[in-house]
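Working notes for the structure below.
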Amino acid sequence: MILYFFYFFSFIVILSSFLVIFVSNPVHSVLFLIFTFFNAAIIFLIFKAEFLAMTLLIVYVGAVAVLFLFVVMMLNISESIIKEGFLRYFPFGLLLISIFLIELFMIFNSDKIIFPESGLIKINEIMNLGMDNTKSLGLFLYTDYFIIFQISGFLLLLAMIGAIVLAHSDLKNPKSISPINQKNVDKKTIIKLN
Amino acid sequence: MQHIHFLILSSSVFAIGFLGIFVNRKNIITILMSIELMLLSANINFVGFSYLLDDLSGQIFSLFILVVAAAEAAIGLAILTIFFKKTSSISIDNISKLKG
């Protein structure tokens with residue numbers, strides 16, 4: 001039963017990710033990207049990763065896809081230019097991904113894949129202690145993976161500062177007074193008594 | 001559920017993202033979206049193997065991939081807006097103007 005659910009939602013994921021790259025309107029493309037992430041979140045729920053499914057929805061649909069939609073609407077690109085050269089590069093891309101997929105499926109079918117006997121952090125043992133998915137993730141994120149967690153937080157800070165620095169621009173003719181000029185005013189030079 | 005199920009799913013999504021980089025030569029936004037699809041396929045692999053091998057490490061690393069994807073999207077779109085401001089196009093042919 002759960003396998004048929006997995007087949008159904010993975011079919012939707014593949015179909016909508018096809019539409020992301022083939023639809024000519026960029027706004028529709030972003031909306032199909034959101035749809036892909038929704039169905040990927042359902043697949044994460046099938047894999048019993050509840051926290052990651054909700055985080056995928058919050059981070060991708062709530063932040064990244066809205067950012068994409070904002071930029072698409074701000075730039076206002078005409079649709080006719082976008083699809084130029086589509087058919088010229090399509091056969092080349094199809095050739096490359098077919099080579100790539102054939103190589104991957106040869107690896108999947110070979111019996112040389114060796115899975116480890118036991119995992120580092122066993123989910124079943126943690127579940128038997130009465131902890132849910134979110135609590136166990138937090139337990140290991142703040143102890144074993146603490147340094148990586150801090151570095152990823154710093155990476156987000158760096159991305160925020162970088163995006164602000166890149167997108168910030170000084171106006172050529174600002175309507176407001178610069179605070180530095182305002183502060184440097186001397187009362188002896190600016191007030192005149194006749 | 002065997003490993004082949006989600007391996008086929010994630011490799012298909014990765015290949016579609018790969019194809020999206022090739023065919024959309026005039027639209028950098030769709031290329032960024034293709035990169036998001038490729039990162040999503042890596043996430044599906046991590047979570048799938050976490051379920052299959054009964055190991056929580058895959059979900060933790062998937063969380064870090066989410067962080068990297070969010071940072072990459074923010075920086076990429078910021079570069080894209082100033083690129084559009086300079087050249088008034090988002091074609092990949094003009095991107096050689098980015099060098100100094």
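Residue numbers start from 1 in every chain, and the chains themselves are labelled A, B, ... in the order their sequence lines are given, proteins ahead of strands. Reckoned from all heavy atoms, side chains included, excluding hydrogens, waters and symmetry mates.
- Taking every heavy atom of both residues into account, A:Phe105 and B:Ile8 meet most closely at CE2-CG1, 3.7 Å.
- Contacts with chain B were tallied for A:Val13, A:Ile148, A:Thr36; A:Ile148 has the most, counting heavy-atom pairs under 4.5 Å.
- The local environment of NZ in B:Lys85 is crowded, with over 12 non-hydrogen atoms from other residues, nucleotides or ligands closer than 6.0 Å.
- Note: A:Leu137 leads A:Ile126, A:Thr55, A:Asp144, A:Leu137 in heavy-atom pairs under 4.5 Å with chain B.
- Neither the backbone nor the side chain of A:Phe11 comes within contact range of chain B, judged by heavy atoms closer than 4.5 Å.
- Residue A:Ser136 touches chain B through both its backbone and its side chain, counting heavy-atom pairs closer than 4.5 Å.
- Looking at A:Asn133, the atoms closer than 4.5 Å to chain B (heavy atoms on both sides) all sit in the side chain, from C-beta outward.
- Both the backbone and the side chain of A:Ala163 come within less than 4.5 Å of a heavy atom in chain B.
- Residues A:Ile12 and A:Phe5 share a hydrophobic cluster, clusters being chains of Ile/Leu/Val/Met/Phe/Trp/Tyr side chains in contact below 4.5 Å.
- Atom CD1 of residue B:Ile65 and atom OG of residue A:Ser152 lie 12.0 Å apart, to the nearest 0.5 angstrom.
- In terms of heavy-atom pairs under 4.5 angstrom with chain A, the leader among B:Leu40, B:Ile4, B:Asn43, B:Ile21 is B:Leu40.
- In this structure, the separation between CD1 on B:Ile75 and CE on A:Met160 is 10.5 Å, given to the nearest 0.5 Å.
- The two residues A:Leu166 and B:Ile82 come nearest to each other via the heavy atoms O-CG2, 3.2 Å.
- Heavy atoms closer than 4.5 Å to chain A are found in both the backbone and the side chain of B:Leu32.
- Heavy atoms only, all atoms of each residue included: B:Met33 and A:Pro26 are closest at CE-O, 4.3 Å.
- B:Ile79 touches chain A through backbone and side chain together, each having a heavy atom under 4.5 Å away.
- Only the side chain of A:Leu33 has a heavy atom closer than 4.5 Å to any heavy atom of chain B.
- Using bins of under 30°, 30° to 60° and over 60° for the plane-to-plane angle, the ring pair B:Phe18/A:Phe100 lands in the parallel bin.
- A:Val20 has its side chain out of reach of B:Glu36: every pair of non-hydrogen atoms, C-beta onward, lies at least 4.5 Å apart.
- Grouping the Ile, Leu, Val, Met, Phe, Trp and Tyr side chains by contacts below 4.5 angstrom, directly or via other members, places A:Met73 apart from A:Val66.
- Residue contact with chain A, scored on non-hydrogen atoms closer than 4.5 Å, involves the side chain of B:Ser34 exclusively.
- Atom CG of A:Leu129 has more than 12 heavy atoms from other residues, nucleotides or ligands within 6.0 Å.
- Contact annotation for B:Phe6: both backbone and side-chain heavy atoms come within less than 4.5 Å of a heavy atom of chain A.
- Pairing each heavy atom of B:Leu19 with each of A:Ile97, the nearest pair is N-CG2, 4.0 Å.
- Cluster membership for A:Phe154 and B:Val67, using ILVMFWY side-chain heavy atoms within less than 4.5 angstrom, is not shared.
- Looking at every heavy atom in both residues, A:Val64 comes nearest to B:Ala73 through CG1-CB, 3.8 Å.
- Only the side chain of A:Ile43 comes within less than 4.5 Å of a heavy atom in chain B; its backbone stays farther off.
- Note that CD1 of B:Ile44 is 9.0 Å distant from OG of A:Ser10, once rounded to the nearest 0.5 Å.
- Contact annotation for A:Met74: only side-chain heavy atoms (C-beta onward) come within less than 4.5 Å of a heavy atom of chain B.
- Between chain B and the residues A:Val59, A:Leu156, A:Val165, A:Leu104, the most heavy-atom pairs under 4.5 angstrom are made by A:Leu156.
- The candidate from B:Thr81, B:Leu37, B:Val13 with the greatest count of non-hydrogen atom pairs under 4.5 Å with chain A is B:Leu37.
- In this structure, A:Ile99 places its CD1 atom where more than 12 heavy-atom neighbours from other residues, nucleotides or ligands lie under 6.0 Å away.
- Contacts between A:Phe92 and chain B at a heavy-atom distance below 4.5 Å involve the side chain alone, from C-beta outward.
- In this structure, CG on A:Leu56 lies 10.5 Å from CG on B:Leu63, to the nearest 0.5 angstrom.
- Residue contact with chain A, scored on non-hydrogen atoms closer than 4.5 Å, is absent for B:Phe83.
- Most heavy-atom pairs under 4.5 Å with chain B: of the set A:Phe47, A:Phe149, A:Phe68, A:Phe70, this distinction falls to A:Phe47.
- Note: B:Ser12 OG to A:Leu15 CG = 12.0 Å, rounded to the nearest 0.5 Å.
- Atoms CD1 and CZ, on B:Ile16 and A:Phe22 in that order, are 8.0 Å from each other to the nearest 0.5 Å.
- When the side chains of ILVMFWY residues are joined at heavy-atom separations under 4.5 Å, either directly or via intervening members, A:Val61 and A:Val72 end up in a single hydrophobic cluster.
- In this pair, B:Phe64 and A:Tyr145 present their aromatic rings tilted. The plane angle is within the 30 to 60° band.
- When heavy atoms are compared at a cutoff of 4.5 Å, B:Leu56 approaches chain A by way of both its backbone and its side chain.
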Start with the C-alpha distance between B:Phe22 and A:Leu94, add both sets of side-chain angles, then the distance that settles side chain to side chain contact (heavy atoms under 4.5 Å, CB included), and finish with yes or no. CA-CA 9 Å; B:Phe22 272 97; A:Leu94 209 61; over 6 Å; no

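- Contact between B:Gln59 and A:Lys48 at its shortest, heavy atoms only, is NE2-O, 4.0 Å.
- Neither A:Leu95 nor B:Phe14 shares a network with the other; the hydrophobic side chains, linked directly or stepwise wherever heavy atoms of I, L, V, M, F, W or Y lie under 4.5 Å apart, form separate groups for each.
- Heavy atoms of A:Leu67 lying under 4.5 Å from chain B belong to its backbone as well as its side chain.
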